Colleague: 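Attaching a single structure in structure tokens format; questions to follow.
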Amino acid sequence: MRGLMYNITSIRNILKLFLFTTLSIIILGLVGSGYRIFSSQEKETSLELSPNVIVVDPDDPTLNRNFTCITTQILMNVFQTSLCLHSKHDTVSKSVAERRVWEENDVSRLLNILVRNPEMQMIDIGANIGGFTMFIAGALGRFTLAIECYLPSIERIARAVQLRNAQKNVVLVQNALYSSPGKYLTITTDDPSGIRLQEGTTEKESKNEFVVKTIKFDDLLPILIQRKVKTAMIKIDIETSESYICATGAKIFDQINIPYIMMEWHSWRVKHQQRYQYIVDFMTARGYIPVDASCKELNPNDWLNLSWPGNIFWIKKSYPRNLLC
């Protein structure tokens with residue numbers, strides 16, 4: 001009887017070894033054939049994110065780190081961070097080198113809103129060197145999705161993120177918003193703070209830092225879902241391309257609550273009237289009110305008038321203005 005039990009146990013062990021060996025061979029074969037084995041969480045985000053979206057790891061060892069970084073001034077008696085600069089011919093970097101902050105009043109205004117709304121996250125479109133991103137993610141510790149098409153600026157944000165150990169609070173995306181995703185477009189080469197898409201200049205994939213890949217705003221929705229973002233504020237400054245958050249972002253506006261939007265209202269609107277009319281129509285149809293920095297309501301029919309300031313704020317009617325002003 002004991003011999004029989006021993007034989008049964010031996011057979012079981014042999015079968016287990018056979019199954020383990022067979023499974024190992026199958027897995028190795030799949031990997032060798034180009035398949036990748038994902039964890040359940042990794043699989044979910046990997047399968048949903050568009051291949052056009054370029055997510056940059058702040059700790060990527062191939063990124064350039066050879067530039068000057070400074071510690072900013074303290075805002076609201078609490079918040080201080082790091083910023084890494086371009087040369088002085090860059091408008092933002094020159095100002096930050098002198099004042100140790102960029103657009104202090106607006107950064108403080110957004111920080112105030114976020115402090116009072118702990119569930120609210122940040123989407124920074126046209127992040128530049130991270131003047132807003134680093135105060136919100138690096139100092140406040142709030143999740144920030146930062147989109148910037150110019151690689152040298154992304155590299156500077158990445159270094160600042162490292163200096164503040166803010167990797168868990170930031171996702172860096174190196175793309176340009178555009179009506180057609182997956183295109184390669186040339187950007188202007190003068191001031192890094194004034195970079196604009198040169199439409200009609202479709203290029204092939206290139207390592208040239210002045211050739212960028214385009215995405216739709218909605219392409220970023222899987223990142224927001226994976227990060228469990230339900231409410232977010234947007235700051236957008238992308239040199240006349242602001243209309244693309246409306247033209248390509250309906251799903252994000254449908255699924256994410258976005259109460260406040262700070263938007264550059266560029267004088268280029270005279271040249272691109274159709275784009276800016278589209279913004280006004282989109283925002284007002286969704287229940288947003290345009291206001292200036294003092295919370296004075298702006299007339300939506302007067303958007304072409306130069307009385308509208310350089311930065312405006314779109315606020316949902318159901319949200320208080322006193323947090324902004």
Side-chain angles (χ1 to χ4, degrees), residues 53-60 63-76 78-111 113-114 120-177 187 191-195 209 212 220 223 227 229 232-239 262-264 311:
V53 178
I54 303 171
V55 177
V56 177
D57 179 0
D59 294 320
D60 183 343
L63 297 179
N64 182 19
R65 314 278 179 188
N66 186 26
F67 26 70
T68 301
C69 299
I70 60 104
T71 300
T72 66
Q73 63 171 273
I74 300 172
L75 299 187
M76 301 170 63
V78 178
F79 301 111
Q80 187 175 45
T81 191
S82 299
L83 292 174
C84 299
L85 311 180
H86 290 289
S87 64
K88 288 187 177 180
H89 83 277
D90 171 53
T91 303
V92 172
S93 296
K94 182 178 179 181
S95 178
V96 170
E98 295 170 354
R99 303 177 184 178
R100 309 192 90 72
V101 68
W102 172 249
E103 295 191 343
E104 177 181 354
N105 291 339
D106 287 329
V107 173
S108 297
R109 185 176 284 113
L110 300 196
L111 284 170
I113 293 173
L114 290 165
M120 191 179 294
Q121 315 302 326
M122 183 70 186
I123 303 172
D124 186 0
I125 306 172
N128 197 273
I129 60 170
F132 286 79
T133 288
M134 287 311 302
F135 270 104
I136 293 166
L140 178 59
R142 199 67 60 84
F143 171 71
T144 302
L145 173 58
I147 302 101
E148 170 58 48
C149 68
Y150 186 46
L151 180 60
S153 290
I154 282 280
E155 290 176 323
R156 282 156 176 79
I157 302 174
R159 180 56 183 149
V161 166
Q162 283 187 323
L163 292 173
R164 291 289 155 173
N165 295 313
Q167 289 90 332
K168 291 183 179 180
N169 301 332
V170 180
V171 171
L172 299 178
V173 172
Q174 193 229 325
N175 289 100
L177 297 188
I187 55 176
D191 183 343
S193 297
I195 280 175
E209 65 192 35
V212 299
L220 302 175
I223 296 174
R227 287 295 186 125
V229 175
M233 176 168 51
I234 291 178
K235 181 233 94 182
I236 179 166
D237 179 354
I238 49 176
E239 304 299 322
M262 174 182 163
M263 179 181 290
E264 183 184 41
N311 284 331

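This structure is a prediction, so every number in the text was calculated from the model and none was measured.
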Colleague: Using modelled atom types only, decide if a donor and an acceptor are shared between the side chain of N175 and the backbone of V53 within a distance under 3.5 Å.
Modeller: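 Checking the backbone N and O of V53 against the side chain of N175, no donor-acceptor pair under 3.5 Å is found.
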Colleague: Start with the C-alpha distance between M233 and M120, add both sets of side-chain angles, then the distance that settles side chain to side chain contact (heavy atoms under 4.5 Å, CB included), and finish with yes or no.
Modeller: CA-CA 7 Å; M233 176 168 51; M120 191 179 294; 3.9 Å; yes
Colleague: How many angstroms lie between atom CD1 of I125 and atom CE of M262, to the nearest 0.5 angstrom?
Modeller: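 The distance works out to 12.5 Å.
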Colleague: Would you sort out whether V92 and D191 count as a side chain to side chain contact (heavy atoms under 4.5 Å, CB included), showing the intermediate values?
Modeller: CA-CA 9 Å; V92 172; D191 183 343; over 6 Å; no
Colleague: Under the side chain to side chain donor-acceptor pair (under 3.5 Å) rule, collect the residues that match up with Q174, sequence neighbours excluded.
Modeller: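 Side chain to side chain donor-acceptor pair (under 3.5 Å) list for Q174, sorted by chain: empty.
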Colleague: Could you note down all residue pairs passing side chain to side chain donor-acceptor pair (under 3.5 Å) where residues 159-170 supplies at least one of them, sequence neighbours left out?
Modeller: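 As it turns out, the side chain to side chain donor-acceptor pair (under 3.5 Å) pairs with a partner in residues 159-170, which skip direct neighbours, are D59-Q162, D59-Q167, R65-Q162, S82-R164, R159-Q162.
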Colleague: Report the C-alpha distance between L220 and I123 in whole Å, list the side-chain angles of each, state the deciding distance to 0.1 Å, and finish with yes or no for side chain to side chain contact (heavy atoms under 4.5 Å, CB included).
Modeller: CA-CA 10 Å; L220 302 175; I123 303 172; 5.9 Å; no
Colleague: Examine distances only and state if a side-chain atom of R142 and a backbone atom of Q121 form a donor-acceptor pair shorter than 3.5 Å.
Modeller: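 Such a contact is absent between R142 side chain and Q121 backbone.
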Colleague: Who pairs with S153 by side chain to side chain donor-acceptor pair (under 3.5 Å), at least two apart in sequence or on another chain?
Modeller: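 For S153, the residues satisfying side chain to side chain donor-acceptor pair (under 3.5 Å) (neighbours in sequence not counted) are H86.
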Colleague: Determine whether R227 and L145 satisfy the following criterion, side chain to side chain contact (heavy atoms under 4.5 Å, CB included), listing intermediate values before the conclusion.
Modeller: CA-CA 10 Å; R227 287 295 186 125; L145 173 58; over 6 Å; no
Colleague: If I compare all heavy atoms of S108 with all of L75, which pair ends up nearest, and what's the gap?
Modeller: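 It is OG-CD1, 3.9 Å.
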Colleague: Check whether E209 reaches the backbone of L151 with its side chain - one donor and one acceptor, N or O, closer than 3.5 Å.
Modeller: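 A pair under 3.5 Å: no.
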Colleague: For D90, give me all partners under side chain to side chain donor-acceptor pair (under 3.5 Å), at least two apart in sequence or on another chain.
Modeller: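 So D90 forms a side chain to side chain donor-acceptor pair (under 3.5 Å) with S93, S193.
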Colleague: Mind checking what makes side chain to side chain donor-acceptor pair (under 3.5 Å) contact with T68, not counting sequence neighbours?
Modeller: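 Per chain and number, T68 pairs via side chain to side chain donor-acceptor pair (under 3.5 Å) with no residue.
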Colleague: Give the table of side-chain donor-acceptor pairs shorter than 3.5 Å for residues 131-141, with sequence neighbours excluded, one pair per line with atom names and distance.
Modeller:
residue, atom, partner, partner atom, Å
T133, OG1, D124, OD2, 2.7

Colleague: Can you name the residues that form a disulfide (SG to SG under 2.5 Å) with C149, not counting sequence neighbours?
Modeller: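 C149 satisfies disulfide (SG to SG under 2.5 Å) with no residue once adjacent residues are dropped.
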Colleague: What salt bridge (charged side-chain N to carboxylate O under 4.0 Å, His left out) pairs are there with at least one residue in residues 91-108, not counting sequence neighbours?
Modeller: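 The answer is D106-R109.
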Colleague: Determine the minimum heavy-atom distance between E148 and Y150, stating which atoms define it.
Modeller: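 Here E148 and Y150 meet closest at OE2-N, 3.1 Å.
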